[in-house]
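Throughout, a chain's letter reflects where its sequence line sits, starting with A, and its residues are numbered from 1.
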Amino acid sequence: MAKNKTDKNWMPRWFYQLASPRWCYDITGKLLPAFSVLALLLLLGGTVWALLFAPADYQQGNSFRIIYIHVPSAILAQSCYMMMALAGAIGLIWKMKVADMVAKACAPLGASLALLALATGAIWGKPTWGSWWVWDARLTSMLILLFLYLGVMALHSAIENDTTAAQSTAVLALVGLVNIPIIKYSVEWWNTLHQPATFKLTEKPTMPPEMWLPLLVMVVGFYCFFAVSLMLRLRHEILRRERRSSWVQALVESR
Amino acid sequence: MSEIATNEPAKARGPSAVGVFRAALKRDLLLAFRSKSDLLNPLIFFLMVATLFPLGVSPEPGFLALLAPGLVWVAALLATLLSMDSLFRADFEDGTLEQALLSPQPLILIVLARVLAHWIMTGLPLTLMAPLLGLMLFLPADGMGGLMLSLLLGTPTLSLIGAIGAALTVGLRKGGVLISLLVLPLYIPVLIFGSGAVQAAVTGLPLAGYLALLGAMLALGVVLAPLAIGAALRISVSG
Amino acid sequence: MSEIATNEPAKARGPSAVGVFRAALKRDLLLAFRSKSDLLNPLIFFLMVATLFPLGVSPEPGFLALLAPGLVWVAALLATLLSMDSLFRADFEDGTLEQALLSPQPLILIVLARVLAHWIMTGLPLTLMAPLLGLMLFLPADGMGGLMLSLLLGTPTLSLIGAIGAALTVGLRKGGVLISLLVLPLYIPVLIFGSGAVQAAVTGLPLAGYLALLGAMLALGVVLAPLAIGAALRISVSG
Amino acid sequence: MGSIALSPIGESEPVLKVENLYCERDERVLFDGLSFEIGAGEVLQIEGQNGSGKTTLLRILSGLSRNYEGELYWRGEPMDEVVDEYRQALLYFGHLPGVKATLTPQENLGWYAALQPGTDSASIDAALRQVGLAGYEDVPCHMLSAGQHRRVSLARLYLSQASLWILDEPFTAIDKKGVAQKEQLILRHAAAGGTVILTTHHELHLDGLRRLNLDQLAGTS
Amino acid sequence: MGSIALSPIGESEPVLKVENLYCERDERVLFDGLSFEIGAGEVLQIEGQNGSGKTTLLRILSGLSRNYEGELYWRGEPMDEVVDEYRQALLYFGHLPGVKATLTPQENLGWYAALQPGTDSASIDAALRQVGLAGYEDVPCHMLSAGQHRRVSLARLYLSQASLWILDEPFTAIDKKGVAQKEQLILRHAAAGGTVILTTHHELHLDGLRRLNLDQLAGTS
Amino acid sequence: MKFESMADFIGMGGHGLYVWLAYGIALAILLFNVVQPLRQTRQLLNQQARLVRREKGLS
Ligand code: HEM
Ligand SMILES: Nc1ncnc2c1ncn2[C@@H]1O[C@H](COP(=O)(O)OP(=O)(O)OP(=O)(O)O)[C@@H](O)[C@H]1O
Ligand SMILES: Nc1ncnc2c1ncn2[C@@H]1O[C@H](COP(=O)(O)OP(=O)(O)OP(=O)(O)O)[C@@H](O)[C@H]1O
Ligand SMILES: [Mg+2]
Ligand SMILES: [Mg+2]
């Protein structure tokens with residue numbers, strides 16, 4: 001049933017290979033251990049550094065240590081959306097199944113990271129601002145990003161046919177991508193109009209290196225973790241969709 | 001009625017694009033007028049909001065006046081959102097959508113006509129009724145102009161974005177809520193700039209910036225949304 | 001699933017009333033769970049209102065706290081009202097309503113089960129989610145108890161009254177607006193006493209009186225509404 | 001076909017009696033002074049071209065529509081007084097299949113069994129097998145083909161204990177084998193003392209079928 | 001019937017060519033390696049029992065469904081490259097009639113004429129007369145009977161200039177006279193060089209009809 | 001090392017609840033993102049194996 005259209009030979013070879021679920025399954029199987037070890041080391045090291053050795057903030061005290069998960073998760077949640085939309089577009093244009101699967105795998109991952117950013121932000125807000133939630137620009141736009149993810153996931157689960165679901169969500173993700181800068185811009189503007197400037201997050205505190213170095217480690221660690229989780233989800237999705245192909249059957253029987 | 005039947009010169013192939021757009025618009029408006037309630041939909045919803053809030057929240061003019069700019073915009077947004085689910089559903093269920101997709105006429109035009117008809121039936125009456133609502137909620141008179149202008153520029157964008165959600169969910173058994181979830185995050189910029197414009201008008205600040213932004217979003221929507229809607233419709237029907 | 005199939009002992013005629021009620025309730029809940037979005041409906045609508053108002057009106061906690069008691073109730077009312085149109089429509093369009101009307105089983109029970117299922121899918125989650133909404137809108141903690149109690153007593157009445165409107169309009173091509181018109185006047189007492197109870201709770205006044213009134217309306221509704229709904233359904237289908 | 005012969009007309013006492021029925025729709029008289037009766041063991045086909053009023057008549061007979069003048073009797077009693085009994089004895093199959101798209105065939109029939117006391121709900125799977133839906137018991141009905149969808153509703157014929165069947169174009173979308181099978185079922189039902197009133201545009205292969213043509217009755221055309 | 005004979009098979013160059021079509025739904029393979037071609041002047045009936053995949057195949061041929069693998073050619077060109085031409089030449093009549101219930105038959109056909117460039121919109125009333133809806137031109141379609149409702153959609157056959165007709169159970173709910181008339185129409189269309197692909201569970205009285213049975217093709221059952 | 005004692009470390013200068021809550025949630029969410037796909041994959045493979053066994057048993 002798998003038919004590789006051979007008339008599009010202007011595409012580089014790796015593009016075809018990438019388009020083959022089986023090749024993808026194999027290559028991710030080889031990459032996974034390396035990324036897992038890297039992610040584990042970076043996250044563990046970063047956490048120890050962040051909790052034990054980084055200095056406390058002179059104003060916020062030790063609650064400042066939340067930054068080491070808050071900022072990486074917030075950054076990741078945003079880049080994950082880009083990746084999802086990009087993969088969706090590739091799937092839509094070149095009918096590449098693996099890209100569809102990557103896009104599908106991105107959604108729950110991104111949503112959980114957005115949730116993490118929101119949760120850590122809310123927790124951080126309590127000691128610093130005295131309230132779990134305020135209608136601040138950054139917070140609101142992260143909430144909206146979470147809604148965008150939830151929309152993509154809901155649409156995916158509502159459509160039974162895999163191809164249709166992938167195409168529909170790709171359209172939605174692309175529309176959302178156009179909107180993300182608009183949302184960010186509008187929310188920030190709205191906030192500066194209504195909100196007293198006390199809660200402003202935009203100015204970068206001039207941090208000493210012993211504060212931002214562990215942050216850098218954590219961010220890189222989060223990216224590695226992101227790769228690991230994405231590959232795990234992707235592999236599951238590949239197996240699910242190809243479950244009746246001979247190579248998966250062989251894999252099942254060889255267990 | 002019979003205009004629909006005759007506005008297409010027999011065998012003409014070349015310049016029929018405008019003809020199809022006009023025929024589609026006429027048909028959609030006719031459909032809306034036939035089920036008269038569609039016409040009243042936003043009107044009723046608007047009036048409902050205007051009566052329920054004083055009853056449920058507080059009848060005090062000062063408080064309502066503070067509430068009014070945002071409330072009118074939220075009501076407009078909800079009214080549009082709630083009418084969105086039925087945008088393509090009836091056509092999907094009786095097979096007319098299939099026929100439109102199989103037609104050699106450009107789908108974008110048909111889709112654009114549908115969205116325009118939707119706006120004429122919801123956004124436009126909303127805009128025209130807004131002063132009444134403003135009055136009932138004690139919106140200062142200075143805000144009326146800003147209110148109407150912002151709605152005039154903002155509601156078409158709402159219709160366009162909403163239509164994308166409607167097209168994506170038309171093939172599903174229950175689209176109602178899903179649409180809200182898909183579309184709401186995209187509506188928020190319109191809401192913010194729209195209510196911002198009214199607030200600026202009330203407080204006497206310049207509102208040209210807001211209106212320019214609303215206009216820019218509308219322009220972007222008119223260009224991009226029909227493409228997304230058309231693609232989504234084909235995907236939904238093919239599934 | 002197979003419970004539905006087997007909960008009716010073969011040939012039993014006498015005590016099947018309870019059996020039918022249970023079977024109907026199970027079927028309706030199953031239908032709602034199948035189209036999962038129905039489950040999320042009030043949740044999404046509630047969250048939408050809770051995010052839109054701060055964005056559209058004002059993010060200031062003090063202002064939102066004043067708004068909260070009424071806003072939650074208005075949102076509950078609108079959520080119920082908007083879900084009402086579909087209560088019998090799907091059954092009407094696929095012929096299952098016909099079959100229910102032709103059954104020798106008491107229609108009142110089937111109808112009551114349907115309303116109960118509707119409440120379980122909308123009113124109950126609304127009630128359970130109300131504290132979250134209250135939190136997002138900075139409702140004082142004292143008001144939470146009153147909010148939940150008043151919603152618990154008030155939302156079933158909303159479902160019962162709304163079902164009458166749904167039954168009356170089910171045969172019509174477009175019922176959406178008509179329902180709102182028919183039902184809204186009957187909803188207003190519930191809204192007034194409901195939001196009154198919350199306001200009383202916030203300000204520390206006794207709220208037993210409000211709750212008693214809400215309870216009385218509910219009792220009246222449970223007794224009378226099913227009769228009206230059944231009669232309305234027979235009329236709508238026979239037309 | 002038709003190995004079982006229907007009992008001859010008029011032999012049995014009338015089960016359903018229609019007297020002087022008058023109905024108009026949208027200003028057009030569909031039938032005026034329509035009278036007939038049908039007994040146990042009889043099969044009556046209502047004939048007529050599209051729009052002649054077959055569906056309208058069947059909906060009146062089933063008690064769904066009240067848009068008529070005239071009298072209906074069920075086993076000699078005026079219909080209004082024995083509605084409950086009548087509903088117990090009736091199986092109505094209309095243009096709309098009465099099948100929920102999100103439920104499975106099994107669940108759909110389960111609900112039907114709950115509605116009709118006396119229905120043997122244990123035989124649902126057997127009924128589904130009879131209509132050729134074995135293997136589809138657990139598939140949501142919106143995933144079925146047009147004919148399969150209607151077969152779910154037709155399975156009620158195998159389940160039901162009702163004596164009077166009113167069937168409005170039961171063979172729509174059903175393939176030839178299915179139609180032949182349903183014809184046998186109708187014959188068996190009549191042979192067992194049941195009564196069937198049906199409309200269809202298919203050629204029926206039934207012995208002893210009574211026909212009532214509405215085209216000749218219509219006041220205007 | 002059938003005074004006009006169809007042109008013999010294979011004489012004309014293929015209009016529509018299907019190569020190696022594969023389709024599965026819900027884990028069941030409906031057809032695999034399905035190849036056939038059809039030329040001008042031919043009538044092809046897709047046969048098969050309920051659920052065998054007739055509708056699925058017709059929706060793929062019409063371009064509505066993309067759930068397949070394999071190649072389609074229209075007049076020798078891959079379908080994807082000539083979609084516009086193909087749509088111009090196609091009349092698709094599906095399970096859903098594509099008739100708006102609140103519009104009148106006239107308005108419904110008016111919209112169809114606007115969608116299909118080349119359709120002669122002046123002849124709408126004539127087409128409605130042909131399908132026996134004279135006098136109903138101005139009645140909202142929800143007031144029509146089941147058969148009349150489908151006749152509104154069938155009137156497109158009289159209006160259209162399309163050369164390829166894809167008809168999915170066009171005779172559902174149509175009375176016998178109507179079916180005979182539509183059969184004549186199909187023969188005439190083929191004789192004039194048109195092509196017809198149809199499914200139906202009715203017995204067809206057409207000379208030179210080609211048949212394709214899907215039951216024999218299905219991989220599993 | 002910025003902390004003098006274990007209790008000091010747990011207490012985080014009065015912000016212990018917040019810091020540990022945040023890190024706890026982070027751990028939970030990260031673990032979830034690893035465990036969930038792994039479990040799904042295992043379930044899928046088991047299910048397929050069962051299918052294969054059933055088919056073999058039938059034939
Ligand atoms: C629910 C609440 C919160 C949310 C959703 C949130 C969201 C975000 C986002 C989206 C970023 C941007 C990450 C990037 O792209 O660089 C960020 C950065 C940051 N947040 Fe939060 N935040 C929240 C609460 C807080 C609180 C309470 C504080 C501390 C007072 C805080 C301090 C910071 C800091 C210092 C940064 C880094 C600033 C920068 O790199 O630009 N956040 N947050
Ligand atoms: N939306 C759907 N999703 C999944 N499977 C479907 C869907 N629609 C149909 N099927 C399945 O595809 C198969 C073929 O359906 P199709 O509608 O093509 O049959 P058909 O030959 O037209 O039957 P009929 O004579 O009843 O119209 C059926 O077995 C059905 O269960
Ligand atoms: N809802 C309605 N309102 C008004 N008139 C109607 C309505 N439904 C049907 N009619 C009219 O009543 C007449 C009879 O319709 P009916 O549905 O009984 O016909 P039928 O004999 O069942 O036809 P078919 O063979 O097409 O099913 C038709 O002329 C139709 O126009
Ligand atoms: Mg009929
Ligand atoms: Mg079919």
Side-chain angles (χ1 to χ4, degrees), chain C residues 1-38 89-107 109-110 113-114 171 231 233-239, chain D residues 25 59-60 62-68 82-125 127-128 137-138 140-142 149-150 153 156 159 161-162 166 168:
Chain C
M1 359 246 102
S2 61
E3 297 94 286
I4 283 190
T6 51
N7 67 357
E8 190 68 26
K11 311 260 168 177
R13 304 231 161 166
S16 64
V18 179
V20 173
F21 183 77
R22 276 181 45 207
L25 190 61
K26 265 186 196 164
R27 181 194 93 124
D28 292 337
L29 290 178
L30 193 62
L31 276 171
F33 275 96
R34 276 295 148 76
S35 50
K36 286 186 204 77
S37 56
D38 260 7
R89 187 164 300 277
D91 278 16
F92 177 75
E93 280 170 1
D94 62 18
T96 32
L97 184 58
E98 260 174 33
Q99 294 298 337
L101 292 183
L102 287 179
S103 138
Q105 305 284 12
L107 185 57
L109 288 181
I110 300 174
R114 185 130 201 90
L233 282 178
R234 288 210 191 274
I235 294 166
S236 289
V237 169
S238 89
Chain D
R25 298 221 64 164
R59 285 177 68 87
I60 291 173
S62 72
L64 276 176
S65 168
R66 302 279 160 120
N67 267 326
Y68 67 93
V82 288
V83 184
D84 267 353
E85 270 169 59
Y86 183 61
R87 290 204 186 123
Q88 211 126 33
L90 172 74
L91 186 156
Y92 174 77
F93 182 97
H95 272 305
L96 301 171
V99 170
K100 282 266 149 218
T102 44
L103 295 186
T104 67
Q106 227 172 24
E107 289 158 354
N108 268 302
L109 291 181
W111 169 236
Y112 176 73
L115 275 184
Q116 248 8 69
T119 310
D120 188 0
S121 62
S123 51
I124 287 178
D125 282 355
L128 284 174
E137 292 94 345
D138 281 334
C141 287
H142 66 86
H149 199 88
R150 284 188 78 84
S153 190
R156 291 190 281 137
L159 266 188
Q161 305 287 325
I166 296 187
D168 196 359

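For D:Asn67 against C:Ser238, the heavy-atom pair with the smallest separation is ND2-O, 3.8 Å. Smallest separation of non-hydrogen atoms from C:Glu98 and D:Tyr92: OE1-CE2, 3.5 Å. Of all the heavy atoms in D:Ser62 and C:Leu102, the pair that sits closest is O-CD2, 3.3 Å. Taking every heavy atom of both residues into account, D:Ala114 and C:Gln105 meet most closely at O-NE2, 3.1 Å. Taking all atoms of both residues into account, the shortest heavy-atom contact from D:Lys100 to C:Asp94 is NZ-OD2, 3.0 Å.
A 4.5 Å side-chain heavy-atom check between D:Gln116 and C:Ser103 finds at least one atom pair inside the cut-off.
Contact count versus chain C (heavy atoms, under 4.5 Å) is highest, among D:Arg59, D:His95, D:Glu85, for D:Arg59.
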Test side-chain contact (heavy atoms from CB on, under 4.5 Å) applied to D:Glu107 and C:Leu31, step by step: CA-CA 10 Å; D:Glu107 289 158 354; C:Leu31 276 171; over 6 Å; no
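Annotation: the span from C:Leu30 atom CG to D:Thr104 atom OG1 amounts to 8.0 Å, rounded to 0.5 Å. Rounding to the nearest 0.5 Å gives a distance of 8.0 Å between CG of D:Asn108 and OG1 of C:Thr96.
Contacts of C:Ile235 with chain D are absent, with no heavy-atom separation under 4.5 Å from either backbone or side chain. Residue contact with chain D, scored on non-hydrogen atoms closer than 4.5 Å, involves the backbone of C:Phe92 exclusively. Of the atoms belonging to D:Leu64, heavy atoms from both backbone and side chain fall under 4.5 Å from chain C. For D:Tyr112, the part lying near chain C is the side chain, with the backbone staying farther off; criterion is any non-hydrogen pair under 4.5 Å.
Between the side chain of C:Arg34 and the backbone N or O of D:Thr102, at least one donor-acceptor pair lies under 3.5 Å.
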